[in-house]
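Here's the structure we're looking at; comments come further down.
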Number of protein chains: 2
Amino acid sequence: MTSRRTSPTNDARLTLGELRKRCEAQALPLTGPRLAVLETLVGLQGTHPTADEVYACARDRGFHIGRATVYRALEAFVARHVLTKAAHAGTAMRYDGTLARHHHLVCLRCNGILDVADERLDAIPLPDTSKLGFAISDLQIQVRGICRACQEREQADQP
Amino acid sequence: MTSRRTSPTNDARLTLGELRKRCEAQALPLTGPRLAVLETLVGLQGTHPTADEVYACARDRGFHIGRATVYRALEAFVARHVLTKAAHAGTAMRYDGTLARHHHLVCLRCNGILDVADERLDAIPLPDTSKLGFAISDLQIQVRGICRACQEREQADQP
DNA sequence: CTAATTGCAAAGGGTTTGCGATCCC
DNA sequence: GGGATCGCAAACCCTTTGCAATTAG
């Protein structure tokens, strides 16, 4: 799952230009290190990398950048709606340039994430929390299971 | 939220007897430390405590128990379906004796969890993942927002 | 010149693990 | 007596933070 090549909700390739545009629109200064993070993300497209994976990949590509800078840059991007992040409990955050509404398939083995679009999931009504005084800001759906790669790996391990 | 007293989906008080029964049914040996954890949980009912909160509370109650034992016991209970656990990304796991189907209101300020029952949320269909080869095991819904206590606290802080 | 950003290393929160001691059939 | 369980401390993973140096407006 770490090396997925297709992305069902993201067939339009994410380009560096699109990401730069989003930063400009939000008046987020595009410094050298931040640009390195975006470039790395474009290369990791479709894999929903963790911050550490982005960091490692950026270093591999020859960028001189600190781990904290990667974490800070990714959070800045999320705050300005340049990227989104997601994770299930107990695992590292994963970042992604898909802004369009979608949902996540979370693999319980490798913790990877697959995007999936589903109109029926989009239409889910918010519960009535008036009696609880709970102010809803959003609703998240996580579909958990085992991704194809992990299924195949498990079959190979124990035939 | 840490000190909630009512629990909308859990009006039937969870008893130590019920928890013991679940352990017996699963052939999970009820050792002294594990019993201490269950007793503590009954006392913390409705608060969805974290493992560390259970540990601290158990010590407060005079139980001589190690932190690792609490973590191991809670995980053993979850594995045997004596308890459930939940959390949103980036926060500590929270444990709870409610086995009946329900959903979670997650407070973005205090990270607390409220249970909520909602038939419409129960009826959500699973997405079609056949093309992705993803084997779904379950679907989780998290409603995020601000709980009443945190809303009031924020109003008080900045009037 | 001042504010923002960076890299590094250290600290932090939450959880797991190694290991000798203990408990229980 | 032998396997499960325990308590403790250390390790672990992921992330944030303190701070001096650097960069940008």
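Per chain, numbering begins at 1; letters A, B, ... match sequence-line order.
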Original post:
Contact class for Arg67(B) (heavy atom, under 4.0 Å): base, sugar-phosphate, or nothing?
Top reply: base
Check your understanding: Is Ala68(B) touching bases, backbone alone, or none of the nucleic acid, heavy atoms closer than 4.0 Å?
Key -> base
| salt_bridge(Lys85(B), Asp96(B)) N-O dist < 4.0 Å | no
query = Charged N to carboxylate O under 4.0 angstrom, Arg20(A) versus Glu24(A)?
reply = no
[N] [atom2] sits how many Å from [X] [atom1], rounded?
X         : N       : atom1 : atom2 : value
Leu28(A)  : dA24(D) : CG    : C1'   : 14 Å
Phe63(B)  : dT5(D)  : CZ    : C1'   : 17 Å
Asn111(A) : dC13(D) : CG    : P     : 14 Å
Ile65(B)  : dT5(D)  : CD1   : P     : 14 Å
Leu30(B)  : dC24(C) : CG    : C1'   : 14 Å
Glu75(A)  : dT5(C)  : CD    : C1'   : 16 Å
Leu74(A)  : dC14(D) : CG    : P     : 15 Å
Tyr55(B)  : dG13(C) : OH    : P     : 15 Å

When rounded to the nearest 0.5 Å, the distance separating OG of Ser137(A) from CG of Leu126(A) is 9.5 Å
CZ (Arg144(B)) and CG (Leu108(B)) are apart, to the nearest 0.5 Å, by 5.5 Å
Any chance you could lay out the salt bridge (charged side-chain N to carboxylate O under 4.0 Å, His left out) test for Glu18(B) and Arg13(B), step after step, and finish with the verdict? CA-CA 10 Å; Glu18(B) 165 64 19; Arg13(B) 236 72 197 106; over 6 Å; no
Check whether any side-chain nitrogen or oxygen of Thr31(B) sits under 4.0 Å from OP1 or OP2 of dC6(D), and answer yes or no. yes
Checklist line | Contact under 4.0 Å: Tyr71(A) side-chain N or O vs dT15(D) OP1/OP2 | finding: yes
Go through [options] for me and flag the one nearest to the [X] side chain.
X        : options                  : answer
Pro33(B) : dC8(C), dG7(D), dC8(D)   : dG7(D)
Asp52(B) : dG7(D), dT15(C), dT15(D) : dT15(C)
Ala51(A) : dC6(D), dC8(D), dT15(D)  : dT15(D)

By nearest-heavy-atom nucleotide on DNA chain C, the more 5' of Arg72(A) and Arg94(B) is Arg72(A)
